[in-house]
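Data block below; observations after.
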Amino acid sequence: MRAVCHAGWQRLCAARETDMTFGFTGHRRPMPKIISGKGNKKLDEISEKMSFFSVAAPAIPHFRRRTTSASGTVCGFRMAGGSRRVIRTAGSHQLLDAGHGRHVERLSSFYVQLNRPEKAVEMLKRAVANSKDNFTYKMALASITRNLGMYGEAAEEYEELVRDYPEKEELNYYLADALTQAGEIGKAIEAYDALESVMGMNEAISMQKYKLYVQLEKPEEAFKEIEKLAAKYPMEARYQIVLGDLHLENGEMDKALACYQKANEIDPTDPYYIVSMANYYEAKGDKEAAEQQIRSALVNEKLDVETKVNILSRYILKLQQTKQGTENANHLFQTLLEQHPEDIDLKLMYGGLLMAQGKTEEAKFQFQLVTEMEPSNAGAWQQLLNLALKGEDIPEVIRICTACMELFPESPEYYFYLGIAYYQQQKYQEALNTYYAGLNIILKENLPLKSDFYGQIGDIYYQMGQLDQAYKAYDEALKYNDKNVVVLNNYSYFLSLEKKDLKKAERMSAQCIKLEPDNATYLDTYAWIFFVQGNYTLAKIYIESALEKDKTKSAELVDHYGDILFMNGDKEKAVEQWKKAKEMGKDSEILNRKIAEQQYIEDENAK
């Protein structure tokens, strides 16, 4: 069966829903951090000091060509907007043997940029082996393994560094981070304890330990860390608020209120106090008081719009986390919009909330306002496109993509979706023109996207009856991405319908099954190729597997099952399946004849 993922709307919408702003987690106006800069000076110094060792930090622009020679390595690349440079190296072993170890970090970073991290790690390991007392090499190796996500190895390197250089207290910070990433939470806490014993109590360390204790589900130890902070910084309202929040989570309402009241005495304007009190009233079941708490903040002229937005967004996040309805937040948003009608971010946030609530028309209105106020706001256009795709509003998709192609001429995604819209309208030539134009602006290194464009072109040519052109486009698509499952499936299915190059079709379809073994559409294609080749036993095995994994209740699969059963000699069950396919909504002359004549009839016009 042909995969309609590219031409149809469902997969497109599903793929784009990951970009939709439901709620506020992706909002670009973040809440202020609970941990302020106060008390972090030492850690800031550590961070600045250790930045030297971040050998994986990007330092070289896009590489466009690389060649090698027998005498060494010639790395040719063109700097963005600049001239071509060639760097020749003698090979890592010669560099080390020649005593040029000072270049190791630079070369290891270079190999990272060439997407050869294993070579970078290998070079640094060799450097450490040749100079076991060299702190710089050891630190560079630990840093690069940490930056590459090799947290276990990084932790081992940092543990050795801590043993060898106990006077460098900052190493415990990096050891703790690596252990945390590696899942060694208990050891990470021990590393923070060691750092704390040298530096003294520090709010950043305490907060990290608090988070780790929470992960270990040790609430008492976590609570003690916050209590220590509150005791050391008695005039910091935020620690009283955190303590109150912890009490609230434990259902200790009176203790929570006492902490909140103490925080309010310290700083009556703290926005976190307002949110926490709203949460307190929510927990008590007094929604009206909770809303009044937020509303009073929103109309407070002493608070700027940034603070108000942060209060409201934090409140809504809390509602989402506790699985409470967010509808009550709508009129709070409207209150804020009345005060700040020109605030773009506020409209985007409100639109995101409305989308999450399923109020698409109201959300669309907010995003449309943003595009009119700030036409270059790509986020608002993308949200409008999300809504148009999800609603299968083809004229709207065309309107949005046409506008965005002018506003964002280097963004190929708008060509992609415009082509789909034309395809849906059966304006095949317009769709082809759009995809060929889009190919011209895709970056050379973006091979998967080029493959998708050629896959679309192949689908269009096939619908136009230009099969040779379709297969040529599919071959081009696979040249750029030989694992493009949609192209592999469609190509193999269309070949099976033509009864052409069936072994090639079988190989491509088998590749689909290898890549996505639970995909019912691809299993159906594989079964149909065996059917066309006369291997009805294997066809039956795979069609039954397809039906078992089909979640769409496809009538097409059921019809195919009837055909395969008939050729396996089970006429009675075949007719049952054909009737079932008809009941499921498939209506064709061939299907009606198969049921009436109780005979398999080949559909020569199948597409």
Side-chain angles (χ1 to χ4, degrees), residues 2-20 364 367-368 371 375-481 484-491 494 607:
R2 179 192 170 204
V4 294
C5 301
H6 283 310
W9 296 89
Q10 290 183 347
R11 173 161 169 172
L12 289 169
C13 295
R16 288 189 64 83
E17 278 186 5
T18 58
D19 298 326
M20 294 183 179
K364 180 179 176 180
F367 296 134
Q368 187 63 44
T371 62
S376 62
N377 192 302
W381 284 109
Q382 288 166 6
Q383 296 289 32
L384 285 175
L385 182 55
N386 288 336
L387 292 170
L389 288 169
K390 195 170 184 180
E392 300 185 20
D393 188 343
I394 299 174
E396 179 69 356
V397 172
I398 293 174
R399 182 191 74 82
I400 293 168
C401 290
T402 303
C404 289
M405 284 162 62
E406 294 185 13
L407 290 166
F408 315 107
E410 296 182 359
S411 297
E413 64 180 283
Y414 299 110
Y415 290 82
F416 188 82
Y417 291 106
L418 180 60
I420 290 169
Y422 283 140
Y423 182 98
Q424 292 290 315
Q425 292 182 332
Q426 298 184 0
K427 295 179 179 179
Y428 298 133
Q429 192 57 52
E430 287 92 335
L432 279 177
N433 295 342
T434 300
Y435 285 120
Y436 279 121
L439 282 169
N440 293 326
I441 65 169
I442 298 175
L443 296 176
K444 290 181 179 179
E445 57 268 27
N446 196 342
L447 303 185
L449 187 57
K450 281 183 177 287
S451 179
D452 286 342
F453 268 64
Y454 276 110
Q456 293 290 98
I457 290 169
D459 289 347
I460 295 167
Y461 274 127
Y462 190 85
Q463 290 300 315
M464 295 172 71
Q466 300 182 33
L467 305 190
D468 289 342
Q469 288 292 95
Y471 298 151
K472 185 177 179 181
Y474 288 146
D475 285 328
E476 195 73 9
L478 294 175
K479 182 177 77 174
Y480 290 111
N481 178 14
N484 189 325
V485 288
V486 176
V487 171
L488 287 166
N489 181 80
N490 288 356
Y491 195 178
F494 293 150
K607 281 193 175 184

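The two atoms that bring Leu478 and Ser451 nearest to each other are N-OG, 4.5 Å, heavy atoms only. Gly419 and Thr434 make their closest contact through N-CG2, 3.8 Å (heavy atoms, listed as atom of the first residue, atom of the second, distance). Considering all non-hydrogen atoms of both residues, Gly458 and Ala470 come closest at O-CB, 3.3 Å. Of all non-hydrogen atoms in Phe408 and Ala378, the two that sit nearest each other are CZ-CA, 3.7 Å. Nearest approach of Gly455 to Ala477, heavy atoms of both residues: N-CB, 3.8 Å. Between Lys450 and Leu443 the shortest heavy-atom distance is CE-O, 4.0 Å.
Under the side chain to side chain contact (heavy atoms under 4.5 Å, CB included) criterion, Gln425 pairs with Ile394, Ile398, Tyr422, Lys427, not counting sequence neighbours. By the side chain to side chain contact (heavy atoms under 4.5 Å, CB included) test, Thr371 pairs with Gln368, Ala380, Trp381, Leu384, sequence neighbours left out. For Glu396, the side-chain hydrogen bond (donor to acceptor under 3.5 Å, both in side chains) partners two or more places apart in sequence, or in a different chain, are Arg399. Residues forming a side chain to side chain contact (heavy atoms under 4.5 Å, CB included) with Ala437 (at least two apart in sequence, or on another chain): Tyr415. By the side-chain hydrogen bond (donor to acceptor under 3.5 Å, both in side chains) test, Ser411 pairs with no residue at all, sequence neighbours left out. Take Tyr461 and apply the ring pair (Phe, Tyr, Trp, His ring centres under 6.0 Å) test, not counting sequence neighbours, and it matches no residue. For Tyr471, the side-chain hydrogen bond (donor to acceptor under 3.5 Å, both in side chains) partners two or more places apart in sequence, or in a different chain, are Glu498. Among residues two or more places apart in sequence or in another chain, the side chain to side chain contact (heavy atoms under 4.5 Å, CB included) test is passed with Asn433 by Gln429. With sequence neighbours excluded, the residues satisfying side-chain hydrogen bond (donor to acceptor under 3.5 Å, both in side chains) with Lys479 are Glu476.
At least one side-chain heavy atom of Ile457 sits under 4.5 Å from a side-chain heavy atom of Leu439. Taking 4.5 Å as the limit, every side-chain heavy atom of Ile400 sits out of range of all side-chain heavy atoms of Tyr417. Using a 4.5 Å heavy-atom threshold, the side chains of Ser376 and Leu407 count as separate. Counting only heavy atoms from C-beta outward, the side chains of Met464 and Leu432 approach each other to under 4.5 Å. Counting heavy atoms from C-beta on, the side chains of Asn489 and Val486 never come closer than 4.5 Å. Counting heavy atoms from C-beta on, the side chains of Ile460 and Gln463 never come closer than 4.5 Å. Side-chain contact check for Phe494 versus Leu467: every heavy-atom pair is 4.5 Å or farther apart.
With rounding to the nearest 0.5 angstrom, the CG atom of Asn481 is 10.5 Å from the CG atom of Leu449. Taking CD of Glu406 as the reference point, atom OG1 of Thr402 lies at 8.0 Å (rounded to 0.5 Å). Taken to the nearest 0.5 Å, the NZ atom of Lys390 stands 13.5 Å off from the CG atom of Leu385. Rounding to the nearest 0.5 Å places CD1 of Ile420 at 10.0 Å from CG of Asp459.
Pairs passing the ring pair (Phe, Tyr, Trp, His ring centres under 6.0 Å) check and including a residue from residues 439-458, sequence neighbours excluded, read Phe416-Phe453, Tyr435-Phe453, Tyr454-Tyr480.
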